Trainee: 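My questions will all concern the structure given below.
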Amino acid sequence: SPLQPRVAVSINLLEFYSKLFYRSGDAVSSAAAALNDFYISRGYRLIDEKGLPIADPFRRGLSHAMQWYDCLRVLHGKEVSQIIEGARVLLPNPPLVSPPGCPTAAPSNTEEPTLHRARCAAVLRDRCPACFGEILYGRSFGTGSDLHVAIDLNFHQRHRRTAGDSPKFYAAEYFISKEDVDAVGERILKARKKGPRSDYRAKVPDIAVDECEKSFEAADEAKQKTHEGRFDDTGLVALICRHDNPILLANVDTPGEQQKFAVALLEALFLSIPTYATVCCLYDVGCVIDRSLHLYDILSPDVVSRLMFATSAMHAYGHQWSCQLVYNPRLRHGLGLTDGEGVERLWSRLRKLISVTRSSGRQRRIWLLDRQAHHINDINKQELGHWIRRKLMTGVVRHAAKASTDLQECGYSIDVLRKQWELQKEAQGSLRSHAPARLKKELDAVLALQTQAELVKNAIDSTEAVLASGKAPPNTTHSLSAMHTTHCLLIHQIETLYASLNVSESFPELHGLNVEFVRILLVARDLKINIRKRAMGCFFEWNRIDQAVGGREQALGTKLHQKARKSLTRRRPALLTAINKFNTYCTKLRELAGPHPPFPLPTPLSLNLGHLKLDDNLMQDVWIDTREGECPLWLTDPAIRKGIRAFLQIDRCLEERRCLGREAENLLRWFAEELAALEIAVHLTEGKLSEYLSYSYITAELP
């Protein structure tokens, strides 16, 4: 401390600024400038030893005062928490009785395994009592597991290397250490060098996961998303619960998105939960990291057996359909209406710190982000009761009512719909539903040769027309003979190359069909997959442009809006060209198949992208099965498809209702325990604790 301080800052001013800090970010420069203007307007101007006015007299002192006052408040809060935690030990075991009014009326159809009584670490219960206040653990993945968390990386929260560092003055509460992250990274490298496990069994065909890996930048560890020379900290990774409460954070210091960050966060989480607890993690590329953890010995078998992955709801539609059948949270049992997009909402609340932390000291950046995470957690925790009620009324009740109406309109029973859904998953999730990579590559060569053959054939037709008119030069006959030879050679090459593909082995159902029909069918199948990828890219751009509709989020701004518009303009012509080509193939297939096609032929797609976005046919692969028997109803009957969507939505609503019931019970139990612990703590401290501890943040939610 200075021996002769010249400026004193009021505690009330510091308290006021702390509230402003949490709402607007680090606004110390604005506050200091406002203070200076205020004093000057009152006739007080600060001068230096030479009598000259000081340009910015308050900024540095106010910044230091705020920083150290906040550190003092953190230490004070830790002491109070230790007192309350010591009092909580004296409480009896919480009862296993659901509070009245909790939404637990929806029974589970899945047989529940034996549950074990245990508690999560106190720090997790404090960060989200609705999730981690549970006292029974061991639920199966079929019932949704015990805990739902989500992980995502953000490369906007960067730090400039030229901003420098400062001495460490704050012990972060939410951040895991760099040493832990690097240790996980070294373990991943060693596991990959060791080779895959012999007992690995793929949940989804590897070819589908490979396509997902190519589609998402998050799965490309080698892609540099920031300039490594300009930034020493390149981003931030967060693990949150399903109520959007930040649980753990980690600093990103690599130019790309590597798996070690997500694995390190999950490993830190499992150290603080009971050994029986099961966890579902929603991640943009959950299929890729799930394959890695089962393919290599990265985590212990006990942790892997209690960890389930799913994709976030918005990003799920960019994955392959066979991947969605396993990892889409809207198609998977037990996940309710958990969407996994809460991390995006966290980034939205932290974006006010992007410009501030980029030029702050390295340690100060960690302090700013950690304190903001703490504030967001406190705000969300106060709103947990309202969150559960809102989710129940606007989520479960509304969606369930709409789905029930659709289920009645489809005209099929749930048993029939469930059977058709299982048949669809079996047909579309098998390895045979994916054309081998070699087949796709060779088909491109066949198409190239076919194009050349068509050009030669057009030239032959034109030459013959000139000969018929009698106006051809003398050497035209020789040229025509050479073109016939070239055309025959190309046709022979096409037939030889197509025969080498062994289509009858890859797809035995196509054996005996016309070669031209099979070729067009397989090309149309691959083309539709390509169209689906392009269309999803356009739809994502639409969502970005329309994100402010209805007040959901803030508008993009002129620069980002124009960039998104240009991206759409570039994507649209190629997409429409591909759709036109696919529709042409559909017409040719109907002509070659005749009046009685061997199986349902693909239907043309709409050139209106607005209609295409709502067309279920876009998500259906081209059918290539000619086995005898009736075509499955899930493929031919639109009512079946509508009914399948409806009963899946009803199942998710029932699961969400059960989950909300458990969370309401956990939350009320935590309120009761907190009040009882406070009373004991006040008694143990002989009433001193009550002088500076307010009950308002607890009792506010009790009604």
Side-chain angles (χ1 to χ4, degrees), residues 106-116 118 120 131-132 134-151 197 199-205 208-209 239-242 247 262-263 265-267 269-270 273-295 298-313 315-316 319 322-340 418 421-422 425-426 429 647-663 666:
S108 175
N109 295 327
T110 306
E111 184 178 354
E112 189 66 49
T114 302
L115 302 181
H116 304 271
C120 289
C131 286
F132 301 100
E134 182 63 69
I135 58 178
L136 293 177
Y137 292 91
R139 294 175 179 84
S140 64
F141 294 144
T143 56
S145 69
D146 297 311
L147 304 170
H148 294 176
V149 298
I151 294 178
R197 299 171 54 179
D199 58 345
Y200 168 69
R201 296 292 182 272
K203 300 178 182 178
V204 176
V209 180
L239 182 147
I240 67 168
C241 69
R242 77 185 217 107
I247 307 300
V263 176
L265 290 177
L266 289 172
E267 193 171 54
L269 175 68
F270 272 87
I273 62 176
T275 55
Y276 304 103
T278 56
V279 178
C280 175
C281 176
L282 292 94
Y283 188 33
D284 295 351
V285 285
C287 57
V288 177
I289 192 172
D290 188 31
R291 180 176 67 172
S292 297
L293 293 181
H294 284 85
L295 189 60
I298 298 174
L299 291 175
S300 65
D302 175 65
V303 172
V304 174
S305 64
R306 295 186 288 123
L307 178 61
M308 176 181 71
F309 279 94
T311 57
S312 52
H315 292 80
H319 287 256
S322 57
C323 177
Q324 293 188 44
L325 293 175
V326 177
Y327 293 102
N328 191 327
R330 295 295 179 260
L331 305 179
R332 185 153 190 172
H333 288 297
L335 295 186
L337 299 180
T338 303
D339 58 8
R418 289 189 187 278
W421 174 236
E422 293 299 326
K425 289 196 297 183
E426 180 182 358
F647 92 79
L648 288 175
Q649 184 73 3
I650 291 175
D651 286 350
R652 301 295 86 80
C653 290
L654 292 175
E655 294 161 359
E656 181 71 13
R657 189 177 181 88
R658 288 195 296 270
C659 188
L660 292 175
R662 293 200 308 268
E663 292 171 351
N666 297 339

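From a predicted model like this one, the values you see are computed outputs, not experimental measurements.
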Trainee: Verify salt bridge (Lys or Arg N to Asp or Glu O under 4.0 Å) between E134 and R139, making sure each step is shown before the conclusion.
Mentor: CA-CA 12 Å; E134 182 63 69; R139 294 175 179 84; 3.7 Å; yes
Trainee: Is it true that a side-chain atom of S145 and a backbone atom of F141 form a donor plus acceptor pair closer than 3.5 Å?
Mentor: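 Flag not set: sc S145 to bb F141 has no pair under 3.5 Å.
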Trainee: Does any non-hydrogen side-chain atom of L269 lie less than 4.5 Å from one of V149?
Mentor: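 They are in contact (side-chain heavy atoms under 4.5 Å apart), so the answer is yes.
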Trainee: With the side chain counted from C-beta on, respond yes when S305 and V303 share a heavy-atom pair under 4.5 Å apart, and no when they do not.
Mentor: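 They are not in contact (no side-chain heavy atoms under 4.5 Å apart), so the answer is no.
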Trainee: Judged by atom type as modelled, is there a donor-acceptor pair below 3.5 Å linking the side chain of T311 to the main-chain atoms of G286?
Mentor: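 Not at all, since once roles are kept as given, no pair shorter than 3.5 Å links the two residues.
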Trainee: At their closest point, which heavy atom of C287 faces which heavy atom of V209, and how far apart are they?
Mentor: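 It is O-CG1, 4.1 Å.
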Trainee: So, taking the atom named CG in N328 and the one named SG in C323, what distance separates them when rounded to the nearest 0.5 Å?
Mentor: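 One finds 9.0 Å between CG of N328 and SG of C323.
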Trainee: How far apart are the closest heavy atoms of I151 and A262, and which atoms are they?
Mentor: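 Taking every non-hydrogen atom into account, CD1-O, 3.8 Å.
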Trainee: Got a second to check how far R306's CZ is from T278's OG1, nearest 0.5 Å?
Mentor: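 Between atom CZ of R306 and atom OG1 of T278 there are 8.5 Å.
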Trainee: Heavy atoms only: give me the nearest V285-H319 pair and the separation to one decimal.
Mentor: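 In this case the closest contact between V285 and H319 is CA-CE1, 4.1 Å.
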Trainee: Looking at every heavy atom in both R332 and F309, which two are closest together, and how far apart are they?
Mentor: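 Looks like NH1-O, 3.1 Å.
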Trainee: Let me confirm one number: the CG-CD1 distance from L266 to I298, rounded to the nearest 0.5 Å.
Mentor: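 It is 11.5 Å, given to the nearest 0.5 Å.
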Trainee: Would you say that more than 12 heavy atoms from the other residues, nucleotides or ligands in this model lie under 6.0 Å from the OH of Y276, or not?
Mentor: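 Open.
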Trainee: Check the pair M308, V279 against side chain to side chain contact (heavy atoms under 4.5 Å, CB included), reporting the backbone distance first and the verdict last.
Mentor: CA-CA 6 Å; M308 176 181 71; V279 178; over 6 Å; no
Trainee: Assess the residue pair R652 and L335 against the criterion (side chain to side chain contact (heavy atoms under 4.5 Å, CB included)); give the C-alpha distance rounded to whole Å, side-chain angles, the decisive distance to 0.1 Å, and a yes or no.
Mentor: CA-CA 7 Å; R652 301 295 86 80; L335 295 186; 5.6 Å; no
Trainee: Find out whether P329 and L282 are in side-chain contact, i.e. whether some heavy atom of one side chain is under 4.5 Å from a heavy atom of the other.
Mentor: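 Yes, their side chains come closer than 4.5 Å.
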Trainee: What pair of heavy atoms forms the shortest contact from C120 to I273, and how long is it?
Mentor: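 Nearest heavy atoms, C120 then I273: SG-CG2, 3.9 Å.
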Trainee: Can you check whether G138's main-chain N or O pairs, donor with acceptor, with D146's side chain at less than 3.5 Å?
Mentor: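 Pair found, side chain donor or acceptor close to backbone of G138.
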Trainee: Provide the closest heavy-atom pair for Y137 versus A277 in the form atom of the first, atom of the second, distance.
Mentor: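 So the minimum-distance heavy-atom pair works out to CD2-CB, 3.6 Å.
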Trainee: For the side chain of E655 and the backbone of G336, is there at least one donor-acceptor N/O pair under 3.5 Å apart?
Mentor: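 At least one qualifying donor-acceptor pair exists.
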Trainee: Once you round to the nearest 0.5 Å, how far does CG of L307 lie from CG of L147?
Mentor: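 Answer for the CG-CG pair, L307 versus L147, is 11.0 Å.
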Trainee: Find the distance between CD (E663) and SG (C241) and round it off to the nearest 0.5 Å.
Mentor: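 The SG atom of C241 is 8.5 Å from CD of E663, to the nearest 0.5 Å.
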Trainee: For L648 and L331, run side chain to side chain contact (heavy atoms under 4.5 Å, CB included): C-alpha distance rounded to whole Å, both residues' side-chain angles, the deciding distance at 0.1 Å, then the answer.
Mentor: CA-CA 7 Å; L648 288 175; L331 305 179; 3.6 Å; yes
Trainee: Would you mind reporting whether V204 and Y327 have side-chain heavy atoms less than 4.5 Å apart?
Mentor: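 When only atoms from C-beta onward are counted, V204 and Y327 do touch, with a gap below 4.5 Å.
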Trainee: Carefully, step by step, assess I289 and V263 under the rule side chain to side chain contact (heavy atoms under 4.5 Å, CB included).
Mentor: CA-CA 9 Å; I289 192 172; V263 176; 4.1 Å; yes
Trainee: Determine, step by step, whether D651 and R330 satisfy the salt bridge (Lys or Arg N to Asp or Glu O under 4.0 Å) criterion, reporting the C-alpha distance in whole Å, the side-chain angles of both residues, the deciding distance to 0.1 Å, and the verdict.
Mentor: CA-CA 9 Å; D651 286 350; R330 295 295 179 260; over 6 Å; no
Trainee: Let me confirm one number: the CG-SG distance from L265 to C281, rounded to the nearest 0.5 Å.
Mentor: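 That separation rounds to 9.0 Å.
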Trainee: Is a donor from one side chain sitting under 3.5 angstrom from an acceptor on the other, for Y283 and D290?
Mentor: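 Distance-only check fails for Y283 and D290.
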Trainee: Looking only at the side chains, is there a donor atom on one of R242 and T338 sitting less than 3.5 Å from an acceptor on the other?
Mentor: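 Note: R242 and T338 side chains meet the donor-acceptor criterion.
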